[in-house]
Amino acid sequence: MNNSEKAPKRLLEIYSALNGKYGRLLCPLKSSNPLQLMVATILSAQCTDKRVNQVTELLFKKYRNVKDFAGASQEELEAIIRPVGYYHAKASNIIKSCRMLIKDFSGKVPASMEMLILLPGVGRKTANVILGNAFAVPGFPVDTHVKRLMNRIGIVKNEESPEKIEFAVTSLMPDKYWTDFSHLLIAHGRNRCKARRPDCANCEIRKLCDYKEKKS
DNA sequence: CTCCCGATAT
DNA sequence: ATATCAGGAG
């Protein structure tokens with residue numbers, strides 16, 4: 001018994017309390033391969049996964065592989081992804097990233113953080129989504145939900161950077177839990193611990209959380 | 001730090 | 001009308 005065994009206790013209790021409450025854990029982004037997951041995750045910035053999935057259904061019929069995306073017309077790609085917002089930057093990043101995949105990565109999405117974040121439009125959050133969901137490599141993506149919940153629960157204080165939150169959680173929890181834990185936090189953030197009107201009265205982890213709902 | 005940006009909920 | 005959504009780049 002040492003400190004490294006005691007430290008993860010609180011996060012593992014949260015994990016256990018949430019596990020199974022939101023059905024089977026699935027990646028919210030519909031995709032059937034690493035390339036599609038990379039594209040879908042680039043599109044997901046500041047947009048609901050529901051809308052991303054609506055767009056990708058059409059998108060993946062028109063563009064079926066890395067070469068299709070690398071040779072895509074900027075205008076045609078923008079027209080398809082427009083509903084997700086930031087369409088100019090996202091279309092540009094997808095085309096540039098796929099050209100880089102062909103030029104520098106043998107046409108394949110790399111399975112390492114250092115390589116993934118070299119791709120335009122791919123930061124640590126997107127890279128961790130790809131690692132965890134496409135390659136089964138341990139990754140803990142910190143999105144808006146994870147950031148909000150980790151602050152409310154009290155794992156971190158006062159809106160620390162996503163990177164600090166990522167390192168705080170990954171240092172307190174065995175890597176085998178990271179990907180599933182991120183899915184649990186996202187599901188909980190969407191259904192219960194919402195940004196606007198958190199349902200603390202019915203919260204499964206009320207006892208494990210520092211946040212108290214304000215009564216107006 | 002600002003900017004990028006459309007669709008939905010409140 | 002405003003806040004929010006699986007963020008990232010300059």
Side-chain angles (χ1 to χ4, degrees), chain A residues 18 22-31 34-59 74-75 77-100 109 113-135 137-152 159-167 169-170 178-199 213-216:
Chain A
L18 294 179
Y22 300 104
R24 231 174 114 248
L25 293 183
L26 293 173
C27 179
L29 272 22
K30 291 205 292 189
S31 64
L35 174 67
Q36 289 188 353
L37 185 59
M38 184 195 82
V39 172
T41 312
I42 288 174
L43 294 178
S44 73
Q46 299 293 291
C47 177
T48 59
D49 54 290
K50 180 181 175 182
R51 186 153 303 282
V52 173
N53 289 332
Q54 288 173 355
V55 165
T56 52
E57 184 177 354
L58 296 159
L59 186 68
Q74 171 88 22
E75 291 72 22
L77 187 51
E78 286 184 10
I80 297 175
I81 70 171
R82 184 159 296 127
V84 303
Y86 302 146
Y87 54 85
H88 186 72
K90 287 174 180 176
S92 174
N93 286 333
I94 288 168
I95 292 172
K96 287 177 183 171
S97 282
C98 286
R99 288 178 180 170
M100 192 179 294
V109 178
M113 171 63 71
E114 311 86 79
M115 294 180 183
L116 283 168
I117 60 177
L118 295 176
L119 301 167
V122 179
R124 290 195 66 88
K125 177 262 174 180
T126 298
N128 277 317
V129 169
I130 295 168
L131 290 173
N133 296 282
F135 297 117
V137 172
F140 187 72
V142 178
D143 70 333
T144 182
H145 297 294
V146 173
K147 178 181 176 183
R148 183 178 67 253
L149 268 64
M150 290 301 95
N151 273 283
R152 282 180 177 169
E159 304 219 359
E160 288 184 74
S161 71
E163 195 168 297
K164 279 190 172 182
I165 297 173
E166 180 189 337
F167 295 149
V169 172
T170 55
W178 295 351
T179 300
D180 285 347
F181 190 46
S182 72
H183 290 155
L184 285 171
L185 293 173
I186 290 161
H188 193 62
R190 276 184 51 105
N191 295 286
R192 191 77 75 198
C193 192
K194 296 173 287 187
R196 286 242 186 147
R197 213 150 110 336
D199 187 12
E213 187 177 8
K214 295 179 189 171
K215 309 266 183 173
S216 60

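As the structure is a prediction and not an experimental result, all values here were calculated from the model.
- Remark: A:T144 is in phosphate contact with C:dC5, judged by side-chain N or O atoms under 4.0 Å from OP1 or OP2.
- Looking at heavy-atom distances under 4.0 Å, A:P162 makes no contact with the nucleic acid at all.
- Partner A:L185 forms a side chain to side chain contact (heavy atoms under 4.5 Å, CB included) with one of A:M150, A:R190, A:H145 and no other, that one being A:M150.
- Candidate nucleotides C:dA6, B:dG6, C:dT4 were compared by shortest atom distance to the side chain of A:A195, and C:dT4 ranks first.
- Nearest-nucleotide positions on DNA chain B for A:K194 and A:V84 put A:V84 closer to the 5' end.
- Between A:R124 atom CZ and C:dG7 atom P there is a gap of 16 Å when expressed in whole angstrom units.
- Rounded to the nearest 0.5 Å, atoms CD1 (A:I186) and CG (A:D143) are 4.5 Å apart.
- In this structure, A:V122 reaches the sugar-phosphate backbone alone: every heavy-atom distance under 4.0 Å involves primed, P, OP1 or OP2 atoms, never a base.
- Rounded to an integer number of Å, the gap from NZ of A:K164 to C1' of C:dG7 is 19 Å.
- Using a 4.0 Å heavy-atom cutoff across all strands shown, A:H183 reaches at least one base atom of the nucleic acid.
- Using a 4.0 Å cut-off, some side-chain N or O of A:H145 falls inside it from OP1 or OP2 of C:dA6.
- Atom CG of A:L25 is separated from atom OG1 of A:T179 by 10.5 Å, given to the nearest 0.5 angstrom.
- Remark: P of B:dC4 and CD of A:Q74 are 16 Å apart, rounded to the nearest angstrom.
- Between the CG atom in A:L131 and the CH2 atom in A:W178 there is a gap of 10.5 Å [rounded to 0.5 Å].
- Under 3.5 Å, the side chains of A:K125 and A:S182 contain no donor-acceptor pair of N or O atoms.
- Straight-line distance between the P atoms of B:dT10 and C:dA6: roughly 13 Å, to the nearest whole Å.
- Residues A:K50 and A:L119 each lie close to DNA chain C; by heavy-atom proximity, the contact nearer the 5' end of the strand is made by A:K50.
- Nearest to the side chain of A:P83, among C:dA6, B:dA7, C:dG7, sits B:dA7.
- Note on A:T126: every side-chain N or O is 4.0 Å or more away from OP1 and OP2 of C:dA6.
- Distance check, rounded to the nearest 0.5 Å: CG of A:D180 to CG of A:N133 gives 9.0 Å.
- Distance A:N53 CG to B:dG6 P: 20 Å, rounded to the nearest Å.
- Nucleotides B:dT2 and C:dA3 place their P atoms 15 Å apart, quoted to the nearest Å.
- Here C:dG7 presents its P atom at 5 Å from CG of A:D143, a figure rounded to the nearest Å.
- Note on A:L185: nothing from the nucleic acid sits closer than 4.0 angstrom, heavy atoms only.
- Between A:R196 atom CZ and C:dA1 atom P the separation is 15 Å, expressed in whole Å.
- For A:R82 and B:dA7, the shortest distance from a side-chain N or O to OP1 or OP2 is not below 4.0 Å.
- If you take CD1 of A:I42 and C1' of C:dC5, they are 18 Å apart, rounded to a whole angstrom.
- Between the P atom of C:dA6 and the NZ atom of A:K90 lies a distance of 11 Å, rounded to the nearest Å.
- Listed pair A:R190 / C:dC5 fails the phosphate criterion, with no side-chain N or O lying under 4.0 Å from OP1 or OP2.
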